[in-house]
Q: 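My questions will all concern the structure given below.
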Amino acid sequence: MTFSRAIKIAPSILAADFANFGAECRAVEDQGADWVHVDVMDGHFVPNITFGPATCAAIRPHIRGVMDVHLMIAPVDPYIEGFAKAGADVITAHMEAGPHIHRTLQAIRASGAKAGLALNPGTGLDGVENLLGLLDLVCVMTVNPGFGGQNFIDMTDKVQRLRAMIGARPIHIEIDGGITPDTAPVMARAGADVLVAGSAVFKGGSVDTPAPYGDNIRAIRAAAEGAIGVAV
Ligand code: DX5
Ligand code: ZN
């Protein structure tokens, strides 16, 4: 994974056909996705359950690029090794998931994966400064985690302040929740480079009719790149 601040579109397979994950991952990558975002939920940290490391390992061979695993689970530490062994390139844990986020990030790095920190909408940037040396990515949640298809919560100010705090460090800013061609521009302008989108990518398509995935990905990318002055 070479670091770049170019806009990356990361479809969330939470909005894919759960009976067809392999084909869905191949389809979104063929249609222009940069990363594949994998939402792991435990029914405890968030009020919904998805899947665990075995499913991640099963879909890994169907992803050519970056497998971006977002852990919405508590505790996190006992499962890090399992997700790393499943082939996660990035493992993101929530600041709110336990009292020892520093240890969690150390463990993610030690597992060989890139380390991500997710912040719920109600969580501020206090404490992030102390973690900068351990971070490869900060995920600013623009919904309360647990479900796809929710309304965007504007976190412009948080993303701008985070972007200033990061400076020249090679740390991605990811935004997750309610991202569409309408909401992507303001987040890109604020400094986000990884745009997670579930419903807005998968709507209108299927593994048999994947062209809408491409249209949707291009629409989000064009809106974001247009906002930061990339020629599109
Ligand atoms: C929310 C998840 C998101 C979500 C994105 O808990 O972390 O990745 O599925 O889905 P949309 O784009 O539909 O809000
Ligand atoms: Zn997510």
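One is the number of the first residue; the rest follow in order along the sequence. Counting starts at 1 for both ligands and their atoms, following the listed order.
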Q: Does the plane of the ring in Trp35 sit parallel, tilted or perpendicular to the ring in His172? Use 30° and 60° as the thresholds.
A: perpendicular
Q: Check step by step if side-chain hydrogen bond (donor to acceptor under 3.5 Å, both in side chains) holds for His102 and Asn130.
A: CA-CA 9 Å; His102 188 281; Asn130 293 325; over 6 Å; no
Q: Please state which protein non-hydrogen atom is closest to atom 1 (C) of ligand 1 and give its distance, to 0.1 Å?
A: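 Protein heavy atom with the smallest distance to atom 1 (C) of ligand 1: Phe147 O, 3.6 Å.
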Q: Pair Val196, Ile175 - check side-chain contact (heavy atoms from CB on, under 4.5 Å), show working.
A: CA-CA 6 Å; Val196 175; Ile175 43 158; over 6 Å; no
Q: May I ask you to list the atoms of ligand 1 that are less than 4.0 angstrom from any heavy atom of Gly177?
A: 14 (O)
Q: At a 4.0 Å threshold, what atoms of ligand 1 neighbour a non-hydrogen atom of His37?
A: 8 (O)
Q: Decide side-chain hydrogen bond (donor to acceptor under 3.5 Å, both in side chains) for Asp154 and Thr156; before the verdict, give the C-alpha distance in whole Å, the side-chain angles of both, and the deciding distance to 0.1 Å.
A: CA-CA 6 Å; Asp154 190 3; Thr156 304; 2.4 Å; yes
Q: Distance to 0.1 Å, residue and atom name: give those for the protein heavy atom nearest to atom 6 (O) of ligand 1.
A: Gly146 N, 2.8 Å
Q: Check the side chains of Thr50 and Asp39 for a donor-acceptor pair under 3.5 angstrom, ignoring hydrogens and angles.
A: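 On atom types as modelled, these side chains do not qualify, holding no pair under 3.5 Å.
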Q: What N/O/S atom of His70 gets nearest to the Zn ion (ligand 2)?
A: ND1
Q: Within a distance under 4.0 Å of any heavy atom of Gly178, pick out the atoms of ligand 1 and give their elements.
A: 11 (P), 12 (O), 14 (O)
Q: Is it the case that atom CG in Asn151 sees more than 12 heavy atoms from other parts of the structure closer than 6.0 Å?
A: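 It does not: Asn151 CG has 12 such atoms or fewer within range.
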Q: For Val196, take its heavy atoms, then give the atoms of ligand 1 lying under 4.0 Å from any of them.
A: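 Result: 8 (O).
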Q: For N/O/S atoms only: which one belongs to Asp39 and is nearest the Zn ion (ligand 2)?
A: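 Result: OD1.
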Q: Looking at Ile7, is its backbone amide N or carbonyl O close enough to the side chain of Asp193 to form a donor-acceptor pair, meaning the two atoms are under 3.5 Å apart?
A: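 Checking the backbone N and O of Ile7 against the side chain of Asp193, no donor-acceptor pair under 3.5 Å is found.
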Q: Heavy-atom contacts with Met41 under 4.0 Å: which atoms of ligand 1 show up? List them by number with element.
A: 6 (O)
Q: With heavy-atom distances below 4.0 Å as the criterion, list the atoms of ligand 1 near Ala197.
A: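 Result: 12 (O).
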Q: In plain terms, say whether Arg221 and Asp34 are close enough for a salt bridge, that is, a side-chain N and a carboxylate O under 4.0 Å apart.
A: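 Judged by the 4.0 Å cut-off on N to carboxylate O distance, Arg221 and Asp34 do form a salt bridge.
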Q: Would you indicate which of Gly198, Pro145, Pro11, Ser199 comes nearest to atom 13 (O) of ligand 1 when only heavy atoms are counted?
A: Ser199
Q: What are the atoms of ligand 1, with element, lying closer than 4.0 Å to any heavy atom of Asp176?
A: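 Selected atoms, number and element: 2 (C), 3 (C), 4 (C), 5 (C), 7 (O), 8 (O).
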Q: Of all N, O or S atoms in Asp176, which has the smallest distance to the Zn ion (ligand 2)?
A: OD2
Q: Would you check if the distance from the ring center of His94 to the ring center of Phe45 is below 6.0 Å?
A: yes
Q: Would you compute the distance between atom CG of Asn216 and atom CZ of Arg218 and round it to the nearest 0.5 angstrom?
A: 9.0 Å
Q: Within ligand 1, which atoms have a heavy atom of Leu14 less than 4.0 Å away?
A: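 Listed by number with element, the hits are 9 (O).
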Q: Please find out if the Zn ion (ligand 2) and some N, O or S atom of His37 are separated by less than 2.8 Å.
A: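 Yes.
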